[in-house]
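In listed order, ligands and their atoms are each counted from 1.
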Amino acid sequence: MKVLFSGIQPTGTLHIGNYFGAIKNWVKIQYDYKTYISVVDYHAITIEYDPGKMPEKVMDLTINLFACGIDLEKTILFIQSEVTGHADLTWIFNSVTPMGELERMTQFKDKAKQHKKNVNVGLFDYPVLQAADILLYKGEVVPVGEDQVQHIEFTREVARYFNKRYGKTFPECEALLTKSPRIMGLDGENKMSKSMNNFIGILETENQIWDKVSVAKTDPARIKKTDPGNPFICNIYYYHKLVTNEEAREEVAEGCRTAGIGCLDCKKIFVTNLMRILNPIRERYENLKKNTHSIREILNNNADKCRHIAKQTLLETKERLGLNPVWKL
Ligand code: TRP
Ligand code: SF4
C-alpha cells in the first residue's frame, strides 16, 4: 500500500469548508493507503496564538476528526510535536533548501503581510517542516486543498535536492486534490474561513445554522418570491451540491428558475439535508468527548508507531549524511 500523509492545523473550529473540502475525502480514502494524519501543532506556533488554549484545541481537533469518521483503528492520527523526528528532518532539509525557493512561497508572502509584527524564521521555514512531515514517513500521496499545491511541489523539490546530493532516499510525492472546489463562505464572496466569520461550524445545531443560512445572500435578482432566479450564480445552490442528491437538486434548480420555490424553502431543504450529515457527527463528538482518556491512549500509541518509523528514516538519512552513530565506528 502506498503511504498517504496529510496534516491539519489546530487553529480553531472546523467548518463545513474543512469537512467537504478535505476531511470527508480523507475519511473515504483512508482505507486505500497506509494513512497518517497529523495535527500539526508545530506549524501552528509560527503565528500568534494562545499557549493556554493550545492543549484544548489540539484535543478538540482530534476528537472532531474521529467524529467525522477518521477510523481510529485504521488511520494513524497523531500530534506532530510528539514525534521529535519532524524537527530533526526539518533541520536536515534546511541544509539542502535554497533560501530562494522559500522566498517564492505565496503562503509565506501572504502570512508575512498578515502578521507583519511577527515574521519569524519558523514562518519562513514552514514549508520545510511540511516536507519533513511527509517524507519522514516516505509519504507518496498527499490529499490537500489547492492552496497547498505549491508546498507539495516544494516537497518534491526537497526530495530531489536531497536524493541528488546524497543518493536516492525519498520518494517524490504527489498532491491529491479533492473534487470539491473551494467552498465559499456565507457571504458568497470569500472562501469559507474562521477568520472571515462566514462559516457553518460542523458542530453547530440546526437552529444555529438556520440563523446564519436564512440571512445568507442568494441570487440578488430574486427580490420577491415571484422573481425567477438563477441557481448558478447562487451560493446556496453550490451548497446543495454538497448534500443534496442530483434529482432533488435538479428540482430545486428548476423551482428557482421558474419561481416555483422561494429562497427560504430552498434553504430549508439545504439545512435539512446538511443536518443529516452533521447530526451524527455531533453525536459521535459528544460521546467521544466523554472519553478523552481513551483518546489520549490512542494518541500515545500512534505517537509510538510514528516514532518507530521516524527513527528508521532518520537512521537511513543520517547515514547518507555521514552522521553515523559514533558507536558504529
Ligand atoms: N500546511 C498545511 C495547511 O495549512 C497543513 C500541513 C502541515 C500539511 N503539514 C502537512 C498538509 C503535510 C499536508 C501534508 O493546510
Ligand atoms: Fe438560491 Fe435557492 Fe434562492 Fe435559487 S431558490 S436563488 S438557488 S436560494
Side-chain angles (χ1 to χ4, degrees), residues 3-11 17-18 21-23 26 35-47 61 78-81 83 86 89-90 105-108 110-111 123 125-137 139-156 158 173-178 182 186 188 193 213-241 244 248-271:
V3 175
L4 178 152
F5 190 100
S6 203
I8 182 165
Q9 292 201 50
T11 40
N18 303 126
I23 298 167
W26 295 353
T35 301
Y36 295 87
I37 304 283
S38 185
V39 173
V40 291
D41 51 353
Y42 268 170
H43 278 110
I45 64 171
T46 59
I47 56 171
L61 175 56
F78 70 101
I79 314 299
Q80 182 189 35
S81 68
V83 184
H86 291 253
L89 196 57
T90 298
M105 295 292 128
T106 54
Q107 192 170 61
F108 170 69
D110 290 347
K111 285 194 178 174
L123 190 65
D125 208 28
Y126 181 117
V128 181
L129 177 57
Q130 184 163 349
D133 291 343
I134 298 165
L135 297 179
L136 194 55
Y137 307 93
E140 296 161 281
V141 175
V142 191
V144 283
E146 260 177 275
D147 64 324
Q148 292 298 313
V149 170
Q150 196 184 31
H151 287 165
I152 307 310
E153 267 161 21
F154 169 79
T155 301
R156 267 208 302 276
V158 169
C173 61
E174 52 176 319
L176 194 69
L177 287 172
T178 351
R182 59 196 209 132
L186 287 162
S193 74
V213 172
S214 58
V215 296
K217 257 210 192 140
T218 61
D219 175 357
R222 281 204 89 180
I223 299 162
K224 294 191 302 290
K225 201 173 165 179
T226 48
D227 296 329
N230 176 2
F232 294 109
I233 62 167
C234 176
N235 204 19
I236 302 296
Y237 183 68
Y238 288 94
Y239 288 172
H240 269 292
K241 289 196 170 185
T244 307
R249 211 168 61 230
E250 209 17 72
E251 236 169 76
V252 164
E254 192 52 27
C256 177
R257 282 191 286 261
T258 58
I261 63 166
C263 288
L264 281 179
D265 306 321
C266 174
K267 288 172 168 179
K268 280 234 166 74
I269 301 172
F270 161 64
V271 172

Select one of side chain, backbone, both or neither to describe which atoms of Cys263 lie under 4.0 Å from any atom of ligand 2, heavy atoms only.
both
Purely on distance, is any nitrogen or oxygen of Ser6 under 3.5 Å from one on ligand 1?
no
Decide side chain to side chain contact (heavy atoms under 4.5 Å, CB included) for His86 and Val40; before the verdict, give the C-alpha distance in whole Å, the side-chain angles of both, and the deciding distance to 0.1 Å.
CA-CA 10 Å; His86 291 253; Val40 291; over 6 Å; no
Per-atom contacts, ligand 2 versus Cys256 - under 4.0 Å to a heavy atom:
4 (Fe), 5 (S), 6 (S), 7 (S)
Which of the atoms of ligand 2 are close to Asp219, meaning less than 4.0 Å from one of its heavy atoms?
6 (S)
Considering non-hydrogen atoms of the protein only, which is the closest contact for atom 1 (N) of ligand 1, and what is the distance?
Tyr126 OH, 2.7 Å
Taking only Lys NZ, Arg NE, NH1 and NH2, and the carboxylate oxygens of Asp or Glu, determine whether Lys225 and Asp265 approach each other closer than 4.0 Å.
yes
Counting only nitrogen or oxygen atoms and a 3.5 angstrom limit, does His151 reach ligand 1?
no
Nearest to atom 5 (C) of ligand 1, what protein heavy atom do you find, and at what distance?
Gly7 O, 3.6 Å
Specify whether His151 and Tyr126 have parallel, tilted or perpendicular ring planes, treating 30° as the upper limit for parallel and 60° as the lower limit for perpendicular.
tilted
If you scan protein heavy atoms around atom 1 (Fe) of ligand 2, the nearest is Cys234 SG, 2.3 Å
Please list the nearest protein heavy atom to atom 10 (C) of ligand 1 with its residue and the distance rounded to 0.1 Å.
Gln130 CG, 3.4 Å
Tell me the protein heavy atom at minimum distance from atom 8 (S) of ligand 2, and give that distance in Å.
Thr218 CG2, 3.4 Å
Is there a nitrogen or oxygen of Gln148 sitting under 3.5 Å from a nitrogen or oxygen of ligand 1?
yes
Other residues, nucleotides and ligands only: do more than 12 of their heavy atoms fall within 6.0 Å of NZ on Lys111?
yes
Ligand-side contact atoms (ligand 2) for residue partner Arg222, heavy atom cut-off under 4.0 Å
3 (Fe), 5 (S), 6 (S)
Kindly compute the distance separating SG (Cys266) from CG (Asp219), expressed to the nearest 0.5 Å.
11.0 Å
Are any N, O or S atoms from Cys266 nearer to atom 2 (Fe) of ligand 2 than 2.8 Å?
yes
